[in-house]
Amino acid sequence: MELHISKKAAQVSPSPTLSIDAKFKQMKKQGVPVVGFGAGEPDFDTPDNIKDSAIEAIKAGVTKYTPASGTVELKQAICKKMHRDYGLDYDPANIVVSNGAKHSLTNVFTCICDPGDEVIIPIPYWVSYPEMVKLADGVPVYLETTEEQDFKFTAQQLKEAITDKTRALVLTTPSNPTGMIYSREELKEIAKIAVENNIYVVFDEIYEKLIYEGEHTNIATLGEEIKELTIVVNGMAKAYAMTGWRIGYTASNAALAKAMSNVQSHATSNPNSMAQYASVEALEGDQSAIDVMKAEYVKRRDYMVERINSIEGLSCKKPSGAFYIFMNVKELLGKKHYGKTIHSASELCDDILDRALVALVPSEGFGIEGYVRLSYATSMESIQTGLDRIESYIKGECKA
Ligand SMILES: Cc1ncc(COP(=O)(O)O)c(C=O)c1O
């Protein structure tokens, strides 16, 4: 029997980062002493005040449907946060709360793309953007960047990529996978081009609280016109260690928010009611847990950057934010390791997982060859062990 799968669905490949994480967790479950650098997930637990708030919600019967695009209380808390952090004024009609920032992004592309519309995505990109755009019948248009330019595109590149079909630019700062941040000056140039060409900026700032050097600028603060065109995407997952709770949100012009709310009302209805309740506590309660996590992340980042740059064949730039290191492995490619020529970052990661028991994410999924992403959202002990093993692998000391 031939079972039909739509062309649209059949062309989607599974998220490589989630697959690697699943493989890592499976190996761990089987008792294999594997070290994982794959996860885009804080290793910290959700702070107690947030957990307690969810328990309170369950006990108080906050267990029913809420408005499809989120509770008024959470939308107001998000508006207050935007005002507090950036002086940006939104009201609840601008906010849509969804099942994680991933869901927010799929709503965005569904509501801004007609078939054939183009969305500009800088490389290296977070793995899901191109697939999401394609699922929304849009066409991803890529901007190449290099390590020398800190993996950031130039204003000139952006101008050249814009056509009359361009609907949006996706901008992620701090970036996953590179941890680089766009400066205020760079964002000013980008905003000017977006306004001149009337294109949206899908501004993914989910790592905004995890900045170790420099300053995060929200592009919507750079003028009324760019604010209208900016779709801020954010969520609870990274800042509050709430990956499993699945709460993300957008702040956008009200017309787009209404369209996304309508789509969501048919697709999923509201995001989890208790998680929404607890997200109010996350945004309005004690914020000190973020500083504790940040202090730990910065220690790990510094250790890793120094260590990686001391290993022959490896190098990396120091990221300014998020919790990823984008490690250059080009010197190791095209060479023999353990009797076999390794051609690509994915072959290298497979071999390192098999021989050295370290899970890494190869850069092909991010649209670029020759790099490996390491997450430092894992303990210092695991980081040390993992890097020791990678070093042994490169020195040819692992099992043949
Ligand atoms: C850049 C970026 N945007 C969005 C997301 C999705 O976050 P959420 O867990 O809220 O769906 C991630 C998660 O890895 C991410 O790295």
If you take all heavy atoms of [X] and [Y], which pair is closest and at what distance?
| X | Y | result |
| --- | --- | --- |
| V298 | A295 | CG1-O, 3.3 Å |
| A39 | S375 | O-OG, 2.6 Å |
| L210 | P174 | O-CG, 4.1 Å |

Could you tell me whether [X] and [Y] have a side-chain N and a carboxylate O separated by less than 4.0 Å?
| X | Y | value |
| --- | --- | --- |
| D45 | K51 | yes |
| R184 | E215 | no |
| K209 | D291 | no |
| R300 | D43 | yes |
| E284 | K80 | yes |
| E296 | K299 | yes |
| E41 | K25 | yes |

So do the side chains of [X] and [Y] get within less than 4.5 Å of each other, counting heavy atoms only?
| X | Y | value |
| --- | --- | --- |
| D89 | H83 | yes |
| D137 | C113 | no |
| L283 | L74 | yes |
| V96 | K258 | no |
| F37 | I383 | yes |
| K330 | Y371 | yes |
| V141 | T166 | no |
| F153 | E144 | no |

Any side-chain donor near an acceptor of the partner, [X] and [Y], under 3.5 Å:
| X | Y | answer |
| --- | --- | --- |
| W245 | T46 | yes |
| S69 | Q264 | no |
| S98 | N107 | yes |

Checklist entry - Does the salt bridge (Lys or Arg N to Asp or Glu O under 4.0 Å) test come out yes or no for K192 and E189, once each step is laid out? => result CA-CA 5 Å; K192 186 163 170 277; E189 275 191 274; over 6 Å; no

Next on the checklist: If you apply the rule ring-ring contact (aromatic ring centres under 6.0 Å, His included), what do you find for Y376 with Y324, and how did you get there?
Outcome noted: CA-CA 6 Å; Y376 47 93; Y324 306 106; 7.6 Å; no

Atom [atom1] of [X] with >12 non-hydrogen neighbours under 6.0 angstrom:
| X | atom1 | result |
| --- | --- | --- |
| K152 | NZ | yes |
| Q149 | CD | yes |
| K165 | NZ | no |

Checklist entry - Can you list the steps and then say if E306 with K318 is a salt bridge (Lys or Arg N to Asp or Glu O under 4.0 Å)? => result CA-CA 9 Å; E306 212 187 303; K318 195 177 203 174; over 6 Å; no

When rounded to the nearest 0.5 angstrom, what distance separates [atom1] in [X] from [atom2] in [Y]?
| X | Y | atom1 | atom2 | result |
| --- | --- | --- | --- | --- |
| I290 | F44 | CD1 | CZ | 12.0 Å |
| I219 | I226 | CD1 | CD1 | 4.5 Å |
| D85 | T221 | CG | OG1 | 11.5 Å |
| I211 | I181 | CD1 | CD1 | 4.5 Å |
| L314 | N328 | CG | CG | 8.5 Å |
| I78 | T71 | CD1 | OG1 | 8.0 Å |

Item to check | Derivation of the ring-ring contact (aromatic ring centres under 6.0 Å, His included) call for F323 and Y207 | outcome: CA-CA 8 Å; F323 40 57; Y207 296 99; 5.5 Å; yes

Checklist entry - Are Y129 and D204 close enough, and set up right, to give a side chain to side chain donor-acceptor pair (under 3.5 Å), and what steps lead you there? => result CA-CA 11 Å; Y129 298 132; D204 186 341; 2.6 Å; yes

Next on the checklist: Test salt bridge (Lys or Arg N to Asp or Glu O under 4.0 Å) on K81 and E208; report intermediate values, then the result.
Outcome noted: CA-CA 12 Å; K81 178 241 177 257; E208 101 207 273; 2.7 Å; yes

Next on the checklist: Walk me through whether K188 and E185 qualify under salt bridge (Lys or Arg N to Asp or Glu O under 4.0 Å).
Outcome noted: CA-CA 5 Å; K188 269 189 191 162; E185 287 314 306; 3.6 Å; yes

Item to check | Full working for side chain to side chain contact (heavy atoms under 4.5 Å, CB included) between L332 and H337 | outcome: CA-CA 9 Å; L332 302 180; H337 300 272; 3.9 Å; yes

Checklist entry - Can you list the steps and then say if T66 with Q276 is a side chain to side chain donor-acceptor pair (under 3.5 Å)? => result CA-CA 9 Å; T66 77; Q276 287 192 70; 3.0 Å; yes

Item to check | Stepwise side chain to side chain donor-acceptor pair (under 3.5 Å) check, S379 with S382 | outcome: CA-CA 5 Å; S379 73; S382 297; 3.0 Å; yes

Checklist entry - Could you walk me through whether L171 and I190 pass the side chain to side chain contact (heavy atoms under 4.5 Å, CB included) check? => result CA-CA 10 Å; L171 198 56; I190 295 167; 4.3 Å; yes

Item to check | Pair T163-E118, side chain to side chain donor-acceptor pair (under 3.5 Å): steps then yes or no | outcome: CA-CA 8 Å; T163 72; E118 295 172 359; 2.8 Å; yes

Next on the checklist: Could you check whether any side-chain N or O of Q384 sits under 3.5 Å from a backbone N or O of E381, counting only pairs where one atom can act as donor and the other as acceptor?
Outcome noted: no

Checklist entry - Can any side-chain N or O of R373 pair as donor or acceptor with the backbone N or O of G38 at less than 3.5 Å? => result yes

